[in-house]
Number of protein chains: 2
Amino acid sequence: MQSAETLLREHNIKVTPQRMGIVEELKGEVHLSVDELYERMKSKFPSISLATVYKNINAMLEKNFLLEVKIPNIKSKYELAKEPHAHLQCVKCGKVEDIKLNLDSVIKESSQKSGYKIYEESLVLSGVCPECSGE
Amino acid sequence: MQSAETLLREHNIKVTPQRMGIVEELKGEVHLSVDELYERMKSKFPSISLATVYKNINAMLEKNFLLEVKIPNIKSKYELAKEPHAHLQCVKCGKVEDIKLNLDSVIKESSQKSGYKIYEESLVLSGVCPECSGE
DNA sequence: TTAAATGCAAAAAATTTGCAGACGT
DNA sequence: ACGTCTGCAAATTTTTTGCATTTAA
């Protein structure tokens, strides 16, 4: 994957050390809440402000470089935008993973049934991951 | 559908006028945010407190009588719990509707791919409703 | 050099809590 | 009568804003 710096530039987001830090944290299918991100950033930049984290998350959301993932029962997590995909949530360990699914037929059916023109879908599957099942 | 009072009793939630009011508002596939619910309650009970609305929403969530629907870009809405179903969101008029879909094959596929035991799914489809399309 | 980002503090918004009085069972 | 609910105010939590200073381009 490209460097954090390149990714930022490609999305017309001005490069700062803090922003590179955020992108570094989120690279590799990672999903973090505001707090989790802030905690991790503090180890890289002890003087970072929570306000900076919020401002940067919002700036990146506006540029569609970041995506908010709303998950039942827990706080929103953020991820780097990529091709559409669903999410798996383990209710035991709290992990969130991406899963690539083809929802074309479901969307087609929904569209026909409802008359909606559907542009986006958000699917979260909640359950127990294999690691947590075996315990 | 049963009366608000009966519904509450069946879920072991003590009946009060405010709670009946909340249930009345949410009957009939309605989806309301905290604020929307508060505004509507104020016309029925001018002296109602926002804290009461929160407390009741939380009490009803705990009893699994109410469900929080997390929807991209907007505030959570609440609905009376019923059989599992997906949601349609119109990004023009803001309306949220239920839609009954069979996701069995998607869930089966996800389960096989990931090894997760999946117990719940949450699907929100965003687009434009037929009413808003024709304008 | 100039506009934008950072960090801090303060402000605003959202949610929860404590408590006295009222109410449901 | 007892325990719970209500409404209010206060407290907490979450998010945003303003501003002086620093920094990226």
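Proteins get letters first, then strands, A, B, ... in listed order; numbering begins at 1 in each. Just so you know, these numbers come straight off a predicted model, no measurement behind them.
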Starting from P on dT6(D), measure out to CE on M41(B) and report it in whole angstrom. 9 Å
Under the 3.5 Å rule, do the base of dG7(D) and the side chain of K42(B) count as making a donor-acceptor pair? no
List the steps and the verdict of side chain to side chain donor-acceptor pair (under 3.5 Å) for S126(B) and Q89(B). CA-CA 5 Å; S126(B) 302; Q89(B) 173 205 18; 2.7 Å; yes
Would you indicate, yes or no, if dT15(D) has its OP1 or OP2 atom less than 4.0 angstrom from a side-chain nitrogen or oxygen of N58(A)? no
Take the protein atom CZ of R19(A) and the nucleotide atom P of dA5(C), then report the distance between them rounded to whole Å. 4 Å
Could you state the CD1-P distance from I48(B) to dC8(D), rounded to the nearest angstrom? 10 Å
Is the shortest side-chain heavy-atom distance between M41(B) and I22(B) below 4.5 Å? yes
Within this structure, what is the CE-to-P distance between M20(B) and dC23(C), rounded to whole angstrom? 14 Å
Between dT6(C) atom P and K44(A) atom NZ, what is the distance in whole Å? 14 Å
Kindly state which residues belonging to residues 6-16 of chain B come within less than 4.0 angstrom of DNA chain C, counting heavy atoms of the residue only, listed by number. R9(B), K14(B), V15(B)
Does a side-chain N or O of Y54(A) approach OP1 or OP2 of dT16(D) to a distance below 4.0 Å, or not? no
Looking across every strand, which nucleic acid part, if any, lies under 4.0 Å from S47(A) by heavy atom: base, sugar-phosphate, or nothing? sugar-phosphate
How many Å lie between CD on E62(B) and P on dC5(D), as a whole number? 11 Å
Rounded distance (Å) that lies between atom P of dT14(D) and atom CD1 of I57(A): 14 Å
Looking at side-chain heavy atoms only, is the closest gap between M60(B) and H11(B) below 4.5 Å? no
Nearest to the side chain of S49(A), heavy atoms from C-beta on, is which of dC8(C), dT6(D), dG7(D)? dC8(C)
Just to be sure I understand the rule, does P17(B) reach a base, reach only the sugar-phosphate, or reach nothing, if contact means heavy atoms closer than 4.0 Å? sugar-phosphate
Which of dT17(C), dT6(C), dT15(D) is nearest the side chain of Q18(A)? It is dT6(C)
Is there side-chain contact between L32(A) and Y78(A), with heavy atoms separated by less than 4.5 Å? no
Any side-chain heavy atom of Y116(B) sitting closer than 4.5 Å to one from V128(A)? no
Y38(B) atom OH is separated from dC8(D) atom C1', nearest whole Å, by 11 Å
Is a salt bridge present between E131(A) and K95(A), judged by a nitrogen-to-oxygen distance below 4.0 Å? yes
Examine the side chains of E97(A) and H85(A) and answer whether a donor and an acceptor come within less than 3.5 Å of each other. no
Return no unless some side-chain N or O of K75(B) is found under 4.0 Å from OP1 or OP2 of dA14(C). yes
Of A51(B) and N56(A), the one whose nearest nucleotide on DNA chain C sits closer to the 5' end is N56(A)
K77(B) pairs by side-chain hydrogen bond (donor to acceptor under 3.5 Å, both in side chains) with which of E68(B), E36(B), H87(B)? E36(B)
Touch check for L50(A), heavy atoms < 4.0 angstrom, all strands: base, sugar-phosphate only, or nothing? base
